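Below you'll find the structure, written out as structure tokens, and then a few comments.
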Amino acid sequence: MTVPSFDADRIDRDTCAALDAADPLTPFRERFTLPEGVIYLDGNSLGALPRDTAAEVQRVIAEEWGSGLIRSWNDAGWFDKPRAVGDMIAPLIGAARGEVVIGDTTSASLFQATVAAARLRPDRRVIVSERGNFPTDLYVLESVQTLLGGDSPLERRLISDDGPSLDDVLGDDVAVVVLTHVDYRTGRMYDMADVTRRVHEAGAVMVWDLCHSAGAVPVDLNGADADFAVGCTYKYLNGGPGAPSFLWAAERHHEDARPALTGWNGHARPFDFTVEYTPAPGITRFRVGTPQVLAISALEASLRVWAEVDMAQVREKSLRLTELFMALVDERLARWGIAVVTPRDPARRGSQVSLRFADGYAVMQALIDRGVIGDFRAPDLMRFGFTPLYVSHVDVWDAVAALEDILHTEVWREARFARRAAVT
Ligand SMILES: *Cc1c(COP(=O)(O)O)cnc(C)c1O
């Protein structure tokens with residue numbers, strides 16, 4: 001893949017419009033409903049609404065629920081949805097059919113997968129993760145440590161950019177390594193195949209969190225020989241607020257895996273209503289209870305769009321958008337002390353760019369007030385997600401122009417932009 005580079009001196013809004021005209025993904029923008037006057041750079045937190053989602057959910061409510069009633073568990077395939085929709089996610093993450101299942105929340109699925117992973121190494125007592133990981137991942141690991149520790153919790157070792165490194169903490173006592181492929185704060189991306197190989201060399205099991213990867217960058221779980229993975233569907237996959245997570249387990253682990261939560265939907269014969277639990281074969285044993293049919297139908301509508309998308313084109317455009325944004329920020333915003341914290345090396349970058357600025361919270365509120373929506377992560381990061389299906393090069397140009405104006409006029413100093421809401 002050729003990675004573009006931009007000379008910000010020589011680029012203007014017309015150049016951006018020309019890039020949009022030549023862009024093979026431009027037609028996908030019409031598949032989304034976006035409000036007039038909004039530039040949406042927060043699809044890494046909550047993806048935009050696909051145009052067909054409302055009609056599909058309405059159809060499921062009216063026909064499958066309203067008319068079909070309980071018959072729809074069979075007739076509309078409700079009971080098999082977690083696997084059928086998992087198969088729609090599989091090509092986006094380098095998984096095979098029958099390896100992905102829709103789960104509960106990402107937090108719950110991570111618990112489910114990590115317990116199964118740790119149980120594959122019963123005589124090892126260390127779980128490795130990262131200090132900068134998304135907090136819920138670390139909180140969930142605390143439960144895994146307690147659950148599996150016996151008399152005392154399993155040990156947790158956290159790596160970080162300032163040390164210790166992965167190689168510092170790996171050893172023959174490590175059972176599982178849980179890492180987030182693309183960092184939610186900085187957008188830094190791991191080399192999945194390389195990290196997985198090092199983890200396997202130490203004899204440990206690899207669990208990947210793909211929350212900021214699925215639909216953002218090409219992922220090849222089987223190519224990397226990974227063991228387990230989980231991820232969100234409401235971020236880049238546009239499944240809607242609260243859309244359920246997905247869980248992947250490499251086929252080689254299906255028969256030995258013992259997930260944490262053994263619910264009736266993961267039973268080999270759920271409608272035998274037996275007293276004893278017998279795990280279902282394959283990925284189905286990771287299911288827990290009744291699937292969230294309405295939420296899954298919204299996700300399914302979005303995945304029909306994804307089925308038409310070439311991830312190589314998404315990656316190419318994502319790198320173009322992030323390169324363009326960084327070049328314009330360097331050129332036009334550096335004088336206010338705004339710094340790009342996202343890796344410049346395209347191989348180490350996901351599909352977002354984060355900018356460090358002490359008053360980033362107020363600046364972001366002022367920007368949102370202008371219709372340019374990004375978000376803020378404490379203590380000082382402004383995050384901008386670039387979702388190539390509905391963000392254009394002109395959007396990037398206009399967003400940087402708005403940011404420049406806000407900094408120049410210092411409108412962000414107004415008191416109303418300092419107030420903090422519950423969700424940032
Ligand atoms: C968004 C995100 C989550 C969210 O977890 P939920 O249980 O869906 O709220 C978890 N982990 C990471 C790395 C995330 O980016």
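Everything numeric in this text was worked out from a predicted model, so none of it was measured.
- Under a 4.0 Å N-O distance rule, the pair Glu255/Arg285 qualifies as a salt bridge.
- Counting only residues at least two apart or on different chains, the ring pair (Phe, Tyr, Trp, His ring centres under 6.0 Å) pairs with a member in residues 111-169 are Phe134-Tyr184.
- For Ile70, the CD1 atom counts as loosely surrounded, since its 6.0 Å shell holds 12 or fewer non-hydrogen atoms of other residues, nucleotides or ligands.
- More than 12 heavy atoms of other residues, nucleotides or ligands lie within 6.0 Å of CZ in Arg344, so this atom counts as buried by the packing criterion.
- A donor-acceptor pair is defined here as one N or O able to donate and one able to accept, closer than 3.5 Å; such a pair exists between the side chain of Thr322 and the backbone of Ser318.
- Looking at every heavy atom in both residues, Asp104 comes nearest to Val288 through OD2-CG2, 3.8 Å.
- Side-chain N or O atoms of Ser213 include none that pairs as donor or acceptor with a backbone N or O of Asp209 at under 3.5 Å.
- Tyr236 contributes no side-chain N or O that, together with a main-chain N or O of Leu46, makes up a donor-acceptor pair within less than 3.5 Å.
- For Trp65, the CH2 atom sits in a loose shell: 12 or fewer heavy atoms of surrounding residues, nucleotides or ligands are nearer than 6.0 Å.
- A 6.0 Å sphere centred on CD of Glu201 holds more than 12 heavy atoms belonging to other residues, nucleotides or ligands.
- Of the possible donor and acceptor atoms, none in the side chain of Asn222 sits under 3.5 Å from a partner among the backbone N and O of Asp225.
- In this structure the side chain of Val177 reaches within 4.5 angstrom of the side chain of Leu166, judged on heavy atoms.
- From Leu34, atom CG reaches atom CG of Leu49 across 8.5 Å, with rounding to the nearest 0.5 Å.
- One side chain, Ser245 or Ser109, offers a donor N or O that lies under 3.5 Å from an acceptor on the other.
- Between the CG atom in Leu303 and the CD atom in Glu308 there is a gap of 12.0 Å [rounded to 0.5 Å].
- Between the side chain of His254 and the main chain of Ala249, a donor-acceptor pair closer than 3.5 Å is present.
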Can you list, pair by pair, the side-chain donor-acceptor contacts under 3.5 Å of residues 359-367, counting residues two or more places apart and other chains?
unit_1: Tyr361; atom_1: OH; unit_2: Arg419; atom_2: O; d: 2.8
unit_1: Tyr361; atom_1: OH; unit_2: Ala421; atom_2: N; d: 3.3
unit_1: Gln365; atom_1: NE2; unit_2: Tyr361; atom_2: O; d: 3.4

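- No side-chain donor-acceptor contact under 3.5 Å links Ser297 to the backbone of Val57.
- Checking Gln352 against Ser354 by side-chain atom types alone, a donor-acceptor pair falls below 3.5 Å.
- Rounded to the nearest 0.5 angstrom, Ile373 CD1 and Ser45 OG are separated by 11.5 Å.
- Salt bridge present: Arg356 and Asp380 bring a charged side-chain N and a carboxylate O closer than 4.0 Å.
- Ionic pairing of Arg97 and Glu99 is not present here: no N-O contact between side-chain nitrogen and carboxylate oxygen is shorter than 4.0 angstrom.
- Rounding to the nearest 0.5 Å gives a distance of 9.0 Å between CZ of Arg125 and CD of Glu155.
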Stepwise side-chain contact (heavy atoms from CB on, under 4.5 Å) check, Arg349 with Met326
CA-CA 12 Å; Arg349 181 165 80 235; Met326 292 190 294; 3.2 Å; yes

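- Met206 places none of its side-chain heavy atoms less than 4.5 Å from the side chain of Val176.
- Taking the centre and axis of the six-membered ring of Tyr190, the NZ or CZ atom of Arg188 falls inside the cone set by 45° and 6.0 Å.
- With respect to Asp167 and Arg198, a salt bridge is recorded, a charged nitrogen being found less than 4.0 Å from a carboxylate O.
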Apply ring-ring contact (aromatic ring centres under 6.0 Å, His included) to residues Phe271 and Trp264 and explain how you reach the verdict.
CA-CA 9 Å; Phe271 289 90; Trp264 72 301; 5.4 Å; yes

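- We find that Arg157 and Asp173 are joined by a salt bridge, their nearest charged nitrogen and carboxylate oxygen being less than 4.0 Å apart.
- Residues Phe246 and Leu210 meet the side-chain proximity criterion, which asks for heavy atoms closer than 4.5 Å.
- No side-chain donor-acceptor contact under 3.5 Å links Trp397 and Ser392.
- In this structure, CG on Leu328 lies 9.0 Å from CG on Asp330, to the nearest 0.5 angstrom.
- When every heavy atom of Val60 is checked against every heavy atom of Leu294, the shortest pair comes out as CG1-CD2, 4.0 Å.
- Remark: the backbone N or O of Gly68 is paired with a side-chain donor or acceptor of Arg71 at under 3.5 angstrom.
- Listed for the Tyr234 side chain is no donor-acceptor partner under 3.5 Å among the backbone atoms of Gly47.
- Contact check for Leu389 versus Thr387: no side-chain heavy atoms found under the 4.5 Å cut-off.
- Using a 4.0 Å cut-off between a side-chain N of Lys or Arg and a carboxylate O of Asp or Glu, Arg383 and Asp375 qualify as a salt bridge.
- With hydrogens and angles ignored, the 3.5 Å screen pairs no side-chain donor or acceptor of Arg304 with any backbone N or O of Asp52.
- Taking 4.5 Å as the limit, some side-chain heavy atom of Phe386 sits within range of a side-chain heavy atom of Val396.
- Under the 3.5 Å distance criterion, with hydrogens and angles disregarded, a donor-acceptor pair is assigned to the side chains of Thr136 and Ser107.
- Inter-residue side-chain proximity for Phe28 and Val309 is flagged as met; some heavy-atom pair is nearer than 4.5 Å.
- A side-chain donor-acceptor contact under 3.5 Å links Thr180 and Asn133.
- Summarising the local packing, CZ of Arg131 is surrounded by 12 or fewer heavy atoms from other residues, nucleotides or ligands at distances under 6.0 Å.
- Between the side chains of His267 and Thr274, at least one donor N or O lies within less than 3.5 Å of an accepting N or O.
- Other residues, nucleotides and ligands contribute only 12 or fewer heavy atoms inside 6.0 Å of the CD atom of Glu251.
- No side-chain heavy atom of Trp208 sits less than 4.5 Å from a side-chain heavy atom of Val230.
- The pair Lys317-Asp23 counts as a salt bridge, with a side-chain nitrogen and a carboxylate oxygen less than 4.0 angstrom apart.
- Geometrically, Arg320 does not engage Phe325 in a cation-pi contact, judged by NZ or CZ lying under 6.0 Å from the ring centre and within 45° of the ring axis.
- Looking at Arg197 and Asp194, a side-chain N of the basic residue comes within less than 4.0 Å of a carboxylate O on the acidic one, giving a salt bridge.
- Arg348 has no carboxylate O lying under 4.0 Å from a charged side-chain N of Asp345, or vice versa, which leaves the two without a salt bridge.
- Evaluation of the salt bridge (charged side-chain N to carboxylate O under 4.0 Å, His left out) rule for Asp227 yields Arg252 as partners, not counting sequence neighbours.
- Of the inter-residue distances, the one linking Leu179 atom CG with Ile159 atom CD1 reads 5.0 Å to the nearest 0.5 angstrom.
- Residues Ser165 and Asp168 have side chains that bring a donor and an acceptor to within less than 3.5 angstrom of each other.
- Using a distance-only test at 3.5 Å, with no hydrogens or angles considered, a donor-acceptor pair links the side chain of Thr105 to the main chain of Ala108.
- More than 12 heavy atoms of other residues, nucleotides or ligands sit less than 6.0 Å from atom CZ of Arg124.
- Using a 4.0 Å cut-off between a side-chain N of Lys or Arg and a carboxylate O of Asp or Glu, Arg59 and Glu64 qualify as a salt bridge.
- A 4.5 Å side-chain heavy-atom check between Arg83 and Thr284 finds at least one atom pair inside the cut-off.
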